[in-house]
Amino acid sequence: MHELGLCDAMLRMMDKILTEEEPGAFSIRRVVLEIGELSGVVPRFMEESWKAVARGTRYADAVLEIRTEPGYADCLDCGAHVRPAESGFKCPDCGGEKLKPVSGIDMTIRSIEVCEEEPQSDFRREGTELDPAGVPDKPMEAEE
């Protein structure tokens, strides 16, 4: 499940944005993410992964809004412009399987809405003190 790694990278990107571009902001209120049908990213897994990586950080209350972009491909056998996800990843015109994706292959952050106030929820994980950037400044004690 590479979605977990993608969400972790997004979280680090949010830290960088708040530090460098929005120094007066405390957190992120909403992230609008566009995921292409042919990107290999599963929206449901992104939602679950976002909750997991944001838990215990200042982004815990951030809403991840996911929009899906249709994926299109060109058939290299007959030249038809098709939606592979709707045709079983075969050309509906000639049955060819040589499809070249032309759209819906990306994952793009479309917008980020910042929050200049501390979120209502307590974003401290039990056993860990977090600095304002949401990064643990003391490691959690290992259970024995």
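Everything quoted here is computed from the prediction, not taken from an experiment. Starting from 1, each residue takes its place in the sequence as its number.
Between atom CD1 of residue I66 and atom CH2 of residue W50 there is a gap of 10.5 Å, rounded to the nearest 0.5 Å. In this structure, the separation between CD1 on I17 and CE on M14 is 5.0 Å, given to the nearest 0.5 Å. The SG atom of C115 sits 9.0 Å away from the CD1 atom of I28 when rounded to the nearest 0.5 Å. Taken to the nearest 0.5 Å, the CG atom of L64 stands 9.0 Å off from the CD1 atom of I109. Once rounded to the nearest 0.5 Å, the distance linking CE of M13 with CG of L6 reads 9.5 Å. A distance of 11.5 Å separates CZ of R12 from SG of C7, quoted to the nearest 0.5 Å.
Checked for salt-bridge contact, D61 and R30 miss the test: no charged N lies under 4.0 Å from a carboxylate O. Between E69 and R67 no salt bridge is recorded (no basic side-chain N to carboxylate O distance below 4.0 Å).
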Hey, mind stepping through M107 and L33 against side-chain contact (heavy atoms from CB on, under 4.5 Å) and telling me if it holds? CA-CA 7 Å; M107 181 181 90; L33 188 63; 3.8 Å; yes

Would you sort out whether V114 and F26 count as a side-chain contact (heavy atoms from CB on, under 4.5 Å), showing the intermediate values? CA-CA 8 Å; V114 298; F26 180 82; over 6 Å; no

Taking it one step at a time, do L4 and E48 satisfy side-chain contact (heavy atoms from CB on, under 4.5 Å)? CA-CA 8 Å; L4 194 58; E48 293 169 7; over 6 Å; no

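Minimum heavy-atom separation, L18 to A25: CD2-CB, 3.6 Å. Between C75 and C78, the closest heavy-atom pair is SG-N, 3.5 Å.
There is a path of hydrophobic side-chain contacts, each under 4.5 Å, that joins L11 to V31.
Side chain of T57 to backbone of A54: a donor-acceptor contact under 3.5 angstrom is found. S39 places no side-chain N or O within 3.5 Å of a backbone atom of I35 that could act as its donor or acceptor partner.
Judged as a side chain to side chain donor-acceptor pair (under 3.5 Å), the pairs with a partner in residues 101-111 (not counting sequence neighbours) are, in order, E34-R110. For residues 75-101, the pairs satisfying ring pair (Phe, Tyr, Trp, His ring centres under 6.0 Å) are Y72-H81, with sequence neighbours left out.
R44 meets the side-chain hydrogen bond (donor to acceptor under 3.5 Å, both in side chains) test with no other residue; sequence neighbours excluded. With sequence neighbours excluded, the residues that form a side-chain hydrogen bond (donor to acceptor under 3.5 Å, both in side chains) with R83 are E37, E86. Judged as a side-chain hydrogen bond (donor to acceptor under 3.5 Å, both in side chains), and not counting sequence neighbours, the contacts of E113 are R29.
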Name the atoms and distances for all side-chain donor-acceptor pairs under 3.5 Å in residues 90-101, with sequence neighbours left out.
none

